[in-house]
Amino acid sequence: MTMAYEQIAVSREGAVEWITLNRPDRLNALTATMSGEIEAAFGAAGGDQQVRCIVLTGEGRGFCAGQDLTEFEAAYRAGDRPDIAEHLRNSYHRMIPVLVRTPKPVIAAINGVAAGAGLSLALACDLRVASEEARFTQAFVKIGLIPDSGGSYLLPRAVGYPKALELSISGDLIDAKTALEIGLVSRVVPAVSFRDDVSALANKLAAMPTLAIAATKSLLQGSLARTLDEALEEEATAQAAMGQTHDHVEGVNAFAEKREPRFEGR
Ligand code: T3D
């Protein structure tokens, strides 16, 4: 069944699901509607056997400018002080974990600026590929806020504490080259070939053993909270499950027969 969305667009290319934030005139700033739609689209793609890689990108010249500040503005002008914690729990706290835990490889295809919760959204993905036109800012501090939407948790894990703190307390806008140097993104590609380059990577990941990728994500995400002994035991449990998959048998057979494996994600 095809879901109808207002503020995102979803399309399928082979085994790759493209989820595109679609408010280009606001640089794809996040509203409650958009957060709910992202959560729903990732939930659907994560549970769909036919989807073996997900790409998250933005329409127009922005990736995502974070929280739509006009939502604050309207309330503040009316003299209200909305409960931000309540808003966070009802939107980002539902959306971000779905991205992080989706059992498919997820690429953030960062076509333009990623700010505030928009940067958190990129950080919640597994791989970050930036167009040379992308820019990044932990914009929260510029409006007197702290990094939310997982930004205080995900950014230090991506770039280490010192850089994460520097970016978070300065709000500096950095370019794609700098983002690559500090490990915030894993590759930068030319704007002209951006879509093709992302597509090639997504198709490559979609042809991999999808169940092994899901288990690898889960192991690595939990690794910082485990002892070595616990990690070894988790590996044994996961490997036992992988040993039962079609893709494991196919990989071993392909090696013996000196041919490329044909993984099916099962
Ligand atoms: O309750 C809660 O949810 C709290 C949680 C907060 C989470 C957060 O994400 S806090 C951080 C929110 N985001 C920001 O503070 C970023 C604000 N935007 C900017 O700083 C700049 O727009 C950018 C650095 C992202 C890009 O700059 P630039 O020069 O490329 O574009 P621009 O001209 O500023 O923006 C283009 C349009 O998008 C413009 O509209 P206009 O003038 O053409 O009608 C601008 O107002 C609009 N826009 C950009 N960001 C937002 C936005 N509209 C609403 N909300 C935005 N966040």
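When a ligand or atom number is given, it counts from 1 through the structure's own listing order. These figures come from a predicted structure and were not determined experimentally.
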**Partners meeting side chain to side chain donor-acceptor pair (under 3.5 Å) with Thr70 (sequence neighbours left out)** = Asp68
Sub-3.5 Å pairs, protein N or O with ligand 1 N or O:
residue, atom, partner, partner atom, Å
ligand 1, 1 (O), His87, ND1, 2.9
ligand 1, 3 (O), Gln67, OE1, 3.0
ligand 1, 3 (O), His87, ND1, 2.7
ligand 1, 9 (O), Gln67, N, 2.9
ligand 1, 9 (O), Ala117, N, 2.8
ligand 1, 13 (N), Ala65, O, 3.0
ligand 1, 30 (O), Arg61, NH1, 2.9
ligand 1, 30 (O), Arg61, NH2, 3.4
ligand 1, 30 (O), Arg135, NH2, 3.0
ligand 1, 31 (O), Arg61, NH2, 3.0
ligand 1, 40 (O), Arg26, NH2, 3.2
ligand 1, 44 (O), Arg26, NH2, 2.7
ligand 1, 55 (N), Leu69, N, 2.9
ligand 1, 57 (N), Ala65, O, 3.1
ligand 1, 57 (N), Gln67, O, 2.8

**Prompt:** Would you find more than 12 non-hydrogen atoms of other residues, nucleotides or ligands less than 6.0 Å from Arg226 atom CZ?
**Reply:** yes
**Request:** Assess the side chains of Gln7 and Thr31: does a donor N or O sit below 3.5 Å from an acceptor N or O?
**Result:** yes
**Request:** If a pair satisfies side chain to side chain donor-acceptor pair (under 3.5 Å) and one of its residues is in residues 122-133, list it, with sequence neighbours excluded.
**Result:** Asp126-Lys217
Contacts under 3.5 angstrom, residues 167-176 side chains, donor-acceptor by atom type, not counting sequence neighbours:
residue, atom, partner, partner atom, Å
Ser168, OG, Gln138, NE2, 3.2
Ser168, OG, Ala164, O, 2.7
Ser170, OG, Glu166, O, 2.8
Ser170, OG, Asp172, N, 3.0
Ser170, OG, Asp172, OD2, 3.4
Asp175, OD1, Lys177, N, 3.4
Asp175, OD1, Thr178, N, 2.9
Asp175, OD1, Thr178, OG1, 2.7

**Prompt:** Between His246 and Phe263, is a ring pair (Phe, Tyr, Trp, His ring centres under 6.0 Å) present by the stated rule, with each step listed?
**Reply:** CA-CA 8 Å; His246 164 278; Phe263 295 123; 8.2 Å; no
